[in-house]
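Structure, as structure tokens:
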Amino acid sequence: MKRILEPADIKRIINRIAREIIERNKGTKDLALIGIKRRGDILAQRIGAEILGCEKAKIPIGALDITLYRDDLQLVSETPIIEGTDINFDINNRIIVLVDDVLFTGRTIRAAIEEILDFGRPKKIQLAVLIDRGHRELPIQADYIGKKITTLEKEIVDVYLKEIDGQDLVFIHRKHKIKKIKVKRGRIKMAHHTSPKVEQLKITEKQ
């Protein structure tokens, strides 16, 4: 297991992304943040707090549960856990910055965009991620990237945030393989019981 981001790193990244969002959009007019649960929504809250500190402007922040929009829903679980989407503002003609912790195949982002469009027609949708680990399966790229890393497909990137996990850290590690125990089929040797020896009595006739 290897640490790739410490608490101070994550804090600096949040600060930088907030400033990049302000600069790129020339302020906060029509701006809103929507985070993908369960950690993208926390990151969205942190970015929103940084924007408030810089611009003295409080922007709308929502949270998105993309469970029912996943293209692998039937493969994940027969009874998926739905935490609920929380968007209490009009998204029409807004600049939506979608926030997630890790950008991987792009399928989570596709699902999130599809759900957002069910709420209305934003002016544009931008993407901010803490980690971009590559291996895209869809043509999706982030506008704001905290850290870009090179990974193997079999590796796992774990993001810990203090609001949920008690600490701010990002780890990378290999997926643990489940060891299969091979049971050799051996023959059970039964103890061979030797049959009792019966001594034959020789009867001799008296002459």
Side-chain angles (χ1 to χ4, degrees), residues 4-5 7 9-22 24-25 28 31-52 58-73 76 80-89 91 94-119 122 124-138 140-149 151 156-172:
I4 56 175
L5 287 181
D9 301 321
I10 295 173
K11 185 177 181 180
R12 281 192 293 268
I13 286 171
I14 294 298
N15 184 280
R16 172 170 57 81
I17 288 177
R19 293 177 185 278
E20 287 177 357
I21 290 171
I22 295 167
R24 181 165 183 167
N25 295 292
T28 60
L31 192 64
L33 302 175
I34 297 178
I36 301 174
K37 291 185 175 181
R38 289 186 67 220
R39 288 172 176 78
D41 55 337
I42 294 171
L43 294 171
Q45 291 288 343
R46 293 192 190 182
I47 293 170
E50 287 292 334
I51 291 174
L52 176 61
K58 189 174 183 179
I59 62 175
I61 302 174
L64 208 61
D65 181 347
I66 56 96
T67 303
L68 296 178
Y69 288 80
R70 293 177 61 130
D71 58 8
D72 61 349
L73 181 60
V76 174
I81 299 172
I82 301 171
E83 297 185 13
T85 290
D86 182 19
I87 300 177
N88 297 319
F89 53 88
I91 72 166
R94 281 193 178 273
I95 300 169
I96 302 296
V97 179
L98 185 61
V99 184
D100 202 9
D101 55 351
V102 179
L103 177 57
F104 187 22
T105 63
R107 293 182 181 274
T108 295
I109 305 305
R110 178 214 61 81
I113 291 172
E114 187 178 341
E115 185 172 357
I116 287 172
L117 294 177
D118 279 348
F119 279 83
K124 63 176 70 173
I125 298 175
Q126 300 171 353
L127 176 61
V129 297
L130 183 65
I131 300 290
D132 182 351
R133 59 167 298 181
H135 302 288
R136 217 75 77 238
E137 294 176 1
L138 297 175
I140 290 173
Q141 300 299 328
D143 301 278
Y144 314 98
I145 300 171
K147 186 177 180 66
K148 196 166 187 176
I149 62 174
T151 65
I156 296 173
V157 177
D158 281 332
V159 175
Y160 289 3
L161 298 177
K162 60 185 177 183
E163 291 87 341
I164 298 176
D165 310 295
Q167 59 183 337
D168 285 351
L169 289 172
V170 179
F171 292 94
I172 184 169

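In what follows, every heavy atom counts, from backbone to side chain, and hydrogens, waters and symmetry copies are set aside.
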Given side chains that start at C-beta, do those of [X] and [Y] come closer than 4.5 Å, heavy atoms only?
| X | Y | value |
| --- | --- | --- |
| Asp41 | Ile36 | no |
| Leu161 | Leu43 | yes |
| Val102 | Arg133 | yes |
| Pro60 | Arg94 | yes |
| Asp101 | Ile131 | no |
| Leu98 | Ile116 | yes |
| Leu130 | Leu5 | yes |
| Ile59 | Leu33 | yes |

Identify the residue among Leu138, Ile66, Leu127 that makes a side chain to side chain contact (heavy atoms under 4.5 Å, CB included) with Ile109.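 Going through the options one by one, the only one that passes is Leu127.
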
What's the verdict on side chain to side chain contact (heavy atoms under 4.5 Å, CB included) for Val170 and Val157, showing C-alpha distance, side-chain angles and the deciding distance? CA-CA 7 Å; Val170 179; Val157 177; 3.9 Å; yes

Ring pair (Phe, Tyr, Trp, His ring centres under 6.0 Å) partners for Phe89, two or more places apart: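 Testing Phe89 for ring pair (Phe, Tyr, Trp, His ring centres under 6.0 Å), a comparison that skips the adjacent residues, returns none.
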
Backbone of [Y] reached by a side-chain donor or acceptor of [X] within 3.5 Å:
| X | Y | value |
| --- | --- | --- |
| Thr85 | Asp65 | yes |
| Thr105 | Arg136 | no |
| Lys37 | Ile42 | no |
| Arg46 | Ile14 | no |

Quick one: closest heavy-atom pair of [X] and [Y], and the distance?
| X | Y | result |
| --- | --- | --- |
| Ala63 | Ile87 | O-CG1, 4.1 Å |
| Ile17 | Gly146 | CD1-N, 4.0 Å |
| Ile51 | Ala18 | CG1-CB, 3.9 Å |
| Ile61 | Ala44 | CD1-O, 3.9 Å |
| Leu169 | Pro7 | CD2-CD, 3.7 Å |

To the nearest 0.5 Å, tell me how far [X] [atom1] sits from [Y] [atom2].
| X | Y | atom1 | atom2 | result |
| --- | --- | --- | --- | --- |
| Ile10 | Asn15 | CD1 | CG | 14.0 Å |
| Leu117 | Phe119 | CG | CZ | 11.0 Å |
| Ile4 | Phe171 | CD1 | CZ | 10.0 Å |
| Ile13 | Glu50 | CD1 | CD | 12.5 Å |

Can you confirm whether more than 12 heavy atoms, excluding those of Arg107, are under 6.0 Å from its CZ atom?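 Result for CZ/Arg107: enclosed.
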
For side chain to side chain contact (heavy atoms under 4.5 Å, CB included), just list the numbers for Ile21 and Leu31, CA-CA rounded to whole Å, side-chain angles, deciding distance to a tenth of an Å, and then say yes or no. CA-CA 9 Å; Ile21 290 171; Leu31 192 64; 3.6 Å; yes

Applying salt bridge (Lys or Arg N to Asp or Glu O under 4.0 Å), can you list everything that pairs with Arg24, at least two apart in sequence or on another chain?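 For Arg24 the salt bridge (Lys or Arg N to Asp or Glu O under 4.0 Å) partners, ignoring immediate neighbours, are Asp143.
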
With sequence neighbours excluded, what pairs up with Arg110 under the salt bridge (Lys or Arg N to Asp or Glu O under 4.0 Å) test?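 Partners of Arg110 under the salt bridge (Lys or Arg N to Asp or Glu O under 4.0 Å) test: Glu114.
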
Going through the distances and angles, do Asn25 and Gln126 end up as a side chain to side chain contact (heavy atoms under 4.5 Å, CB included)? CA-CA 10 Å; Asn25 295 292; Gln126 300 171 353; 3.0 Å; yes

Could you please spell out the steps behind the side chain to side chain donor-acceptor pair (under 3.5 Å) verdict for Gln141 and Asp132? CA-CA 9 Å; Gln141 300 299 328; Asp132 182 351; over 6 Å; no

Could you give me the CA-CA distance, side-chain angles and deciding distance for Ile125 and Val97, then say whether side chain to side chain contact (heavy atoms under 4.5 Å, CB included) is met? CA-CA 6 Å; Ile125 298 175; Val97 179; over 6 Å; no

Under-4.0 Å salt bridge between Arg16 and Glu20: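 So Arg16 pairs with Glu20 through a salt bridge.
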
Got a salt bridge between Glu163 and Arg38, using NZ or NE/NH1/NH2 to carboxylate O under 4.0 Å?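 The answer is no: the pair does not qualify as a salt bridge.
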
Where do Asp168 and Lys11 land on the salt bridge (Lys or Arg N to Asp or Glu O under 4.0 Å) test, with the steps shown first? CA-CA 9 Å; Asp168 285 351; Lys11 185 177 181 180; over 6 Å; no

